[in-house]
Amino acid sequence: MLYEHKVLTTHQITEIAYPSSRAANMRLLQLYKWRVLDRFQPFIASGTAPMHYVLDVAGAAVVAREGGLDPRDLDYRHERAIGIAHSLRLAHTVGTNAFFTALIARSRNPDASGQLTAWWSEARCKRHFGDIVRPDGYGRWHEHRSAFEWFLEFDFGTERPDRVAAKLPGYAKLATATGITTPILFWMPTTRRETRVRHALATALNTLDDPTLVPVATSSADFVTGDRDAHPAAARWQLLEGRQLTSRRLALAELGRAWPHLPPLPPSSSTSVATGNSDSWSDLLPPSPLAPGPTPRRGTR
(Lines give C-alpha, C1' and ligand atoms only; values in the text may rest on other atoms or scores of the structure.)
Protein backbone atom coordinates (compact mmCIF):
# COMPACT_ATOMS: atom_id res chain seq x y z
CA MET A 1 0.00 0.00 0.00
CA LEU A 2 2.84 2.39 0.76
CA TYR A 3 4.49 1.69 -2.58
CA GLU A 4 1.19 2.39 -4.35
CA HIS A 5 0.09 5.44 -2.34
CA LYS A 6 3.47 6.93 -1.28
CA VAL A 7 2.66 8.02 2.28
CA LEU A 8 0.22 7.01 5.01
CA THR A 9 -0.22 8.29 8.56
CA THR A 10 -0.45 6.06 11.61
CA HIS A 11 -4.20 6.63 11.76
CA GLN A 12 -4.63 5.70 8.10
CA ILE A 13 -2.58 2.52 8.51
CA THR A 14 -4.70 1.61 11.52
CA GLU A 15 -7.84 2.10 9.42
CA ILE A 16 -6.40 -0.18 6.74
CA ALA A 17 -5.18 -3.15 8.73
CA TYR A 18 -5.10 -2.97 12.54
CA PRO A 19 -7.65 -3.33 15.35
CA SER A 20 -6.24 -0.44 17.39
CA SER A 21 -3.65 2.34 17.33
CA ARG A 22 -1.63 0.50 19.97
CA ALA A 23 -1.39 -2.64 17.83
CA ALA A 24 -0.44 -0.55 14.79
CA ASN A 25 2.24 1.42 16.64
CA MET A 26 3.88 -1.72 18.03
CA ARG A 27 4.09 -3.30 14.59
CA LEU A 28 5.12 -0.10 12.81
CA LEU A 29 8.00 0.38 15.25
CA GLN A 30 9.31 -3.09 14.41
CA LEU A 31 8.95 -2.52 10.68
CA TYR A 32 10.80 0.79 11.06
CA LYS A 33 13.67 -0.94 12.86
CA TRP A 34 13.90 -3.52 10.07
CA ARG A 35 13.95 -0.72 7.45
CA VAL A 36 10.79 -2.07 5.86
CA LEU A 37 9.31 1.36 6.51
CA ASP A 38 10.74 4.81 7.08
CA ARG A 39 8.94 7.63 8.88
CA PHE A 40 8.86 11.36 9.48
CA GLN A 41 6.79 13.86 11.44
CA PRO A 42 6.04 17.08 9.53
CA PHE A 43 6.11 20.41 11.31
CA ILE A 44 2.77 22.10 12.03
CA ALA A 45 2.18 25.48 13.62
CA SER A 46 0.21 24.13 16.59
CA GLY A 47 -0.10 20.72 18.16
CA THR A 48 1.71 17.61 16.99
CA ALA A 49 1.43 16.06 13.54
CA PRO A 50 0.91 12.30 13.29
CA MET A 51 3.77 10.07 12.22
CA HIS A 52 3.91 9.65 8.45
CA TYR A 53 5.24 6.41 6.95
CA VAL A 54 6.85 5.68 3.57
CA LEU A 55 8.45 2.59 2.08
CA ASP A 56 12.09 1.89 2.96
CA VAL A 57 14.68 -0.17 1.09
CA ALA A 58 13.89 -3.54 2.70
CA GLY A 59 10.19 -3.02 2.06
CA ALA A 60 10.87 -2.12 -1.58
CA ALA A 61 12.85 -5.37 -1.99
CA VAL A 62 9.89 -7.35 -0.63
CA VAL A 63 7.46 -5.55 -2.97
CA ALA A 64 9.70 -6.27 -5.97
CA ARG A 65 10.21 -9.96 -5.17
CA GLU A 66 6.52 -10.55 -4.50
CA GLY A 67 5.77 -8.91 -7.85
CA GLY A 68 8.28 -11.13 -9.66
CA LEU A 69 10.71 -8.26 -10.31
CA ASP A 70 14.35 -7.71 -9.54
CA PRO A 71 14.61 -4.90 -6.95
CA ARG A 72 16.82 -2.99 -9.37
CA ASP A 73 13.94 -2.93 -11.88
CA LEU A 74 11.47 -1.46 -9.40
CA ASP A 75 10.68 2.22 -9.79
CA TYR A 76 11.87 3.03 -6.27
CA ARG A 77 14.52 5.27 -4.74
CA HIS A 78 14.68 5.88 -1.02
CA GLU A 79 15.60 9.55 -1.33
CA ARG A 80 12.54 10.09 -3.52
CA ALA A 81 10.26 8.16 -1.13
CA ILE A 82 11.34 10.11 1.96
CA GLY A 83 11.51 13.31 -0.08
CA ILE A 84 7.73 13.58 0.03
CA ALA A 85 8.23 14.95 3.55
CA HIS A 86 9.24 18.24 1.89
CA SER A 87 6.77 18.11 -1.00
CA LEU A 88 4.27 20.94 -1.44
CA ARG A 89 1.71 18.24 -2.30
CA LEU A 90 2.14 16.31 0.96
CA ALA A 91 -1.09 17.60 2.52
CA HIS A 92 -3.03 16.93 -0.69
CA THR A 93 -1.69 13.38 -0.95
CA VAL A 94 -2.44 12.64 2.70
CA GLY A 95 -5.94 14.12 2.34
CA THR A 96 -6.68 12.02 -0.76
CA ASN A 97 -5.45 8.88 0.98
CA ALA A 98 -7.60 9.70 4.02
CA PHE A 99 -10.68 9.68 1.77
CA PHE A 100 -10.00 6.10 0.73
CA THR A 101 -8.77 4.79 4.09
CA ALA A 102 -12.04 6.03 5.62
CA LEU A 103 -13.84 3.80 3.11
CA ILE A 104 -11.57 0.90 4.06
CA ALA A 105 -12.36 1.46 7.73
CA ARG A 106 -16.05 1.44 6.84
CA SER A 107 -15.54 -1.80 4.90
CA ARG A 108 -13.93 -3.43 7.95
CA ASN A 109 -16.84 -2.48 10.19
CA PRO A 110 -18.78 -5.68 11.03
CA ASP A 111 -22.06 -3.81 10.48
CA ALA A 112 -21.07 -2.47 7.07
CA SER A 113 -22.88 -3.73 3.98
CA GLY A 114 -20.38 -2.39 1.46
CA GLN A 115 -16.71 -2.82 0.63
CA LEU A 116 -14.05 -0.83 -1.17
CA THR A 117 -12.81 -3.34 -3.76
CA ALA A 118 -10.38 -1.15 -5.75
CA TRP A 119 -8.20 1.87 -5.04
CA TRP A 120 -5.76 3.27 -7.57
CA SER A 121 -3.29 5.96 -6.66
CA GLU A 122 -2.79 9.25 -8.49
CA ALA A 123 0.48 7.88 -9.89
CA ARG A 124 -1.21 4.79 -11.36
CA CYS A 125 -4.00 6.90 -12.86
CA LYS A 126 -1.37 9.21 -14.36
CA ARG A 127 0.41 6.25 -15.95
CA HIS A 128 -2.76 5.17 -17.72
CA PHE A 129 -4.67 8.39 -18.37
CA GLY A 130 -2.14 11.20 -17.80
CA ASP A 131 -2.11 12.35 -21.42
CA ILE A 132 -5.82 13.24 -21.06
CA VAL A 133 -6.77 13.59 -17.38
CA ARG A 134 -5.00 13.25 -14.04
CA PRO A 135 -7.50 12.23 -11.37
CA ASP A 136 -6.37 12.03 -7.76
CA GLY A 137 -7.53 8.44 -7.52
CA TYR A 138 -9.84 5.73 -8.79
CA GLY A 139 -12.14 3.70 -6.57
CA ARG A 140 -14.71 0.94 -6.70
CA TRP A 141 -17.40 0.28 -4.10
CA HIS A 142 -19.40 -2.96 -3.92
CA GLU A 143 -22.67 -3.06 -1.98
CA HIS A 144 -25.91 -5.05 -2.22
CA ARG A 145 -24.74 -7.10 -5.23
CA SER A 146 -23.97 -3.99 -7.26
CA ALA A 147 -20.81 -2.01 -7.91
CA PHE A 148 -19.98 1.64 -8.46
CA GLU A 149 -16.71 3.05 -9.78
CA TRP A 150 -15.47 6.62 -9.91
CA PHE A 151 -12.57 8.99 -10.40
CA LEU A 152 -11.83 11.25 -7.44
CA GLU A 153 -10.99 14.94 -7.66
CA PHE A 154 -9.84 15.94 -4.18
CA ASP A 155 -10.22 19.71 -3.99
CA PHE A 156 -8.04 21.44 -1.40
CA GLY A 157 -9.56 24.87 -1.95
CA THR A 158 -6.40 26.28 -3.54
CA GLU A 159 -7.67 26.61 -7.14
CA ARG A 160 -10.25 28.99 -8.55
CA PRO A 161 -13.62 27.26 -9.12
CA ASP A 162 -13.35 27.80 -12.88
CA ARG A 163 -9.96 26.05 -12.89
CA VAL A 164 -11.53 23.06 -11.15
CA ALA A 165 -14.39 23.02 -13.67
CA ALA A 166 -11.90 23.18 -16.56
CA LYS A 167 -11.10 19.51 -15.90
CA LEU A 168 -14.47 18.30 -17.22
CA PRO A 169 -13.64 18.47 -20.97
CA GLY A 170 -10.71 16.13 -20.34
CA TYR A 171 -12.98 13.55 -18.75
CA ALA A 172 -15.37 13.85 -21.71
CA LYS A 173 -12.43 13.21 -24.04
CA LEU A 174 -11.38 10.17 -21.99
CA ALA A 175 -14.91 8.73 -22.12
CA THR A 176 -15.01 9.23 -25.87
CA ALA A 177 -11.59 7.64 -26.39
CA THR A 178 -12.22 4.57 -24.19
CA GLY A 179 -15.95 4.10 -24.71
CA ILE A 180 -16.33 3.93 -20.91
CA THR A 181 -18.22 6.58 -18.96
CA THR A 182 -16.90 6.85 -15.42
CA PRO A 183 -18.47 9.24 -12.87
CA ILE A 184 -16.29 11.92 -11.27
CA LEU A 185 -16.65 12.68 -7.58
CA PHE A 186 -15.48 16.09 -6.36
CA TRP A 187 -14.63 16.26 -2.65
CA MET A 188 -14.43 19.79 -1.22
CA PRO A 189 -13.23 21.00 2.19
CA THR A 190 -16.40 22.98 3.06
CA THR A 191 -20.03 23.24 1.94
CA ARG A 192 -19.43 26.89 1.06
CA ARG A 193 -16.62 25.87 -1.27
CA GLU A 194 -18.83 23.09 -2.67
CA THR A 195 -21.57 25.58 -3.59
CA ARG A 196 -19.12 27.82 -5.46
CA VAL A 197 -17.49 24.95 -7.32
CA ARG A 198 -20.86 23.41 -8.22
CA HIS A 199 -21.91 26.59 -10.04
CA ALA A 200 -18.64 26.56 -12.01
CA LEU A 201 -19.03 22.85 -12.78
CA ALA A 202 -22.63 23.37 -13.97
CA THR A 203 -21.48 26.11 -16.35
CA ALA A 204 -18.67 23.93 -17.73
CA LEU A 205 -20.95 20.90 -18.04
CA ASN A 206 -23.41 22.82 -20.21
CA THR A 207 -20.65 23.73 -22.67
CA LEU A 208 -19.90 20.08 -23.45
CA ASP A 209 -21.23 18.51 -26.63
CA ASP A 210 -22.48 15.51 -24.63
CA PRO A 211 -22.77 16.20 -20.88
CA THR A 212 -23.88 12.60 -20.25
CA LEU A 213 -20.25 11.52 -20.80
CA VAL A 214 -19.29 13.27 -17.55
CA PRO A 215 -21.53 12.27 -14.62
CA VAL A 216 -20.60 14.47 -11.65
CA ALA A 217 -21.42 14.39 -7.94
CA THR A 218 -20.01 16.57 -5.18
CA SER A 219 -19.63 16.50 -1.41
CA SER A 220 -17.72 18.29 1.33
CA ALA A 221 -15.79 17.22 4.38
CA ASP A 222 -17.83 19.33 6.79
CA PHE A 223 -21.24 18.18 5.57
CA VAL A 224 -23.16 16.68 8.50
CA THR A 225 -25.04 13.46 7.73
CA GLY A 226 -27.49 11.49 9.80
CA ASP A 227 -24.96 8.67 9.89
CA ARG A 228 -23.06 8.28 13.12
CA ASP A 229 -19.77 8.00 11.21
CA ALA A 230 -18.94 10.77 8.74
CA HIS A 231 -17.46 8.43 6.12
CA PRO A 232 -17.53 9.07 2.35
CA ALA A 233 -19.96 6.18 1.77
CA ALA A 234 -22.74 7.95 3.72
CA ALA A 235 -25.64 9.86 2.16
CA ARG A 236 -23.65 13.00 1.42
CA TRP A 237 -23.30 13.08 -2.39
CA GLN A 238 -25.14 15.66 -4.47
CA LEU A 239 -25.66 15.07 -8.18
CA LEU A 240 -24.84 17.76 -10.72
CA GLU A 241 -27.24 17.76 -13.65
CA GLY A 242 -26.65 20.76 -15.87
CA ARG A 243 -27.98 23.90 -14.20
CA GLN A 244 -30.38 21.89 -12.07
CA LEU A 245 -28.67 22.16 -8.67
CA THR A 246 -30.42 19.39 -6.79
CA SER A 247 -30.31 19.34 -3.00
CA ARG A 248 -30.96 15.64 -2.37
CA ARG A 249 -27.97 13.75 -0.99
CA LEU A 250 -27.23 10.14 -1.97
CA ALA A 251 -25.09 7.41 -0.46
CA LEU A 252 -22.11 6.13 -2.43
CA ALA A 253 -23.90 2.89 -3.29
CA GLU A 254 -26.92 4.83 -4.60
CA LEU A 255 -24.77 6.71 -7.10
CA GLY A 256 -24.46 3.53 -9.14
CA ARG A 257 -28.18 3.86 -9.99
CA ALA A 258 -28.30 7.66 -10.16
CA TRP A 259 -27.42 7.88 -13.86
CA PRO A 260 -29.79 5.59 -15.83
CA HIS A 261 -27.66 5.74 -18.97
CA LEU A 262 -24.72 4.03 -17.24
CA PRO A 263 -24.65 0.24 -17.69
CA PRO A 264 -24.48 -1.73 -14.43
CA LEU A 265 -21.04 -2.97 -13.46
CA PRO A 266 -20.51 -6.67 -12.81
CA PRO A 267 -19.56 -6.88 -9.11
CA SER A 268 -17.10 -9.71 -9.74
CA SER A 269 -14.96 -7.64 -12.14
CA SER A 270 -11.94 -5.98 -10.54
CA THR A 271 -12.20 -2.87 -12.69
CA SER A 272 -13.75 -1.68 -15.94
CA VAL A 273 -11.53 1.30 -16.68
CA ALA A 274 -9.41 1.04 -19.80
CA THR A 275 -5.73 0.79 -18.89
CA GLY A 276 -3.87 0.82 -22.18
CA ASN A 277 -0.29 -0.43 -22.44
CA SER A 278 1.56 -1.68 -19.40
CA ASP A 279 5.14 -1.34 -18.30
CA SER A 280 7.24 -2.79 -15.49
CA TRP A 281 5.72 -0.39 -12.95
CA SER A 282 2.10 -1.09 -13.85
CA ASP A 283 2.78 -4.83 -14.14
CA LEU A 284 2.58 -4.71 -10.34
CA LEU A 285 -1.14 -5.02 -9.78
CA PRO A 286 -2.73 -2.48 -7.43
CA PRO A 287 -2.98 -3.92 -3.93
CA SER A 288 -6.33 -4.97 -2.56
CA PRO A 289 -7.72 -2.23 -0.29
CA LEU A 290 -8.72 -4.84 2.28
CA ALA A 291 -5.98 -6.49 4.30
CA PRO A 292 -5.85 -10.31 4.33
CA GLY A 293 -7.65 -12.05 7.15
CA PRO A 294 -5.79 -13.26 10.24
CA THR A 295 -3.91 -16.52 10.04
CA PRO A 296 -5.68 -19.22 12.09
CA ARG A 297 -3.84 -19.83 15.31
CA ARG A 298 -2.43 -23.28 15.93
CA GLY A 299 -4.12 -25.02 18.83
CA THR A 300 -2.16 -25.36 22.04
CA ARG A 301 -1.62 -28.64 23.80
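- One distance of note links OG1 of T96 with NZ of K6; it measures 10.5 Å at 0.5 Å rounding.
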Could you go through D56 and K33, starting from their C-alpha distance and side-chain angles, then the distance that decides it, and tell me whether this counts as salt bridge (charged side-chain N to carboxylate O under 4.0 Å, His left out)? CA-CA 10 Å; D56 207 341; K33 291 179 178 178; over 6 Å; no

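- Taking CZ of R124 as the reference point, atom CZ of R127 lies at 9.5 Å (rounded to 0.5 Å).
- What you find for P232 and L252 is that their closest heavy atoms are O-CB, 4.1 Å.
- Ion pairing between D222 and R193 fails under the 4.0 Å rule for side-chain N and carboxylate O.
- Between H261 atom NE2 and T181 atom OG1 the span is 5.5 Å, to the nearest 0.5 Å.
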Given the rule in the side chain to side chain contact (heavy atoms under 4.5 Å, CB included) test, do L284 and V63 qualify, once you have shown the distances and angles that lead to the verdict? CA-CA 9 Å; L284 291 176; V63 169; 4.2 Å; yes

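- Remark: side-chain polar atoms of N25 are paired, donor with acceptor, to backbone N or O of S21 under 3.5 angstrom.
- Y53 places a side-chain heavy atom less than 4.5 Å from the side chain of T10.
- H231 NE2 to R236 CZ: the interatomic distance, rounded to the nearest 0.5 Å, is 8.5 Å.
- Taking the six-membered ring where the residue is Trp, the centroids of F154 and F186 are separated by 6.0 Å or more.
- The minimum heavy-atom distance linking I104 with M1 is given by the pair CD1-CE, 4.2 Å.
- Taking the six-membered ring wherever Trp is involved, the centroid distance between the rings of W150 and F148 falls below 6.0 Å.
- Contact annotation: the side chain of W141 never approaches that of L255 to less than 4.5 Å [non-hydrogen atoms, C-beta and beyond].
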One pair to check against side-chain hydrogen bond (donor to acceptor under 3.5 Å, both in side chains): Y138 and E122. What are the steps and the verdict? CA-CA 8 Å; Y138 162 83; E122 178 185 4; over 6 Å; no

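- Judged purely by distance below 3.5 Å, without hydrogens or angles, the side chains of T117 and R140 never pair a donor atom with an acceptor atom.
- For R80, the CZ atom is densely surrounded, since the number of other residues' heavy atoms within 6.0 Å is greater than 12.
- Counting heavy-atom neighbours within 6.0 Å of H78 NE2, excluding the residue itself, gives a total above 12.
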Begin with the C-alpha distance, continue with both residues' side-chain angles, and end with the deciding distance and a verdict on side chain to side chain contact (heavy atoms under 4.5 Å, CB included) for R106 and N109. CA-CA 5 Å; R106 179 62 180 173; N109 189 319; 4.0 Å; yes

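- Residues C125 and G137 share a closest heavy-atom pair of SG-C, 3.9 Å.
- Taking the six-membered ring for Trp and thresholds of 30 and 60 degrees, F99 and W237 have ring planes more than 60 degrees apart, a perpendicular arrangement.
- Note that NE2 of H52 and CZ of R39 are 13.5 Å apart. Values are rounded to the nearest 0.5 Å.
- A salt bridge is absent between E159 and R196: the closest approach of a Lys/Arg side-chain nitrogen to an acidic carboxylate oxygen does not fall below 4.0 angstrom.
- Counting heavy-atom neighbours within 6.0 Å of D210 CG, excluding the residue itself, gives a total above 12.
- Interatomic distance, OG1 of T218 versus CD1 of I184, reported as 12.5 Å (0.5 Å rounding).
- Between L290 and S107, the closest heavy-atom pair is CD2-CB, 3.7 Å.
- T101 pairs in a side-chain hydrogen bond (donor to acceptor under 3.5 Å, both in side chains) with only one of the listed residues (Q12, E15, H11), which is E15.
- Between H92 and F156, the ring planes lie perpendicular to each other; the angle is over 60°, past the 30° to 60° tilted range.
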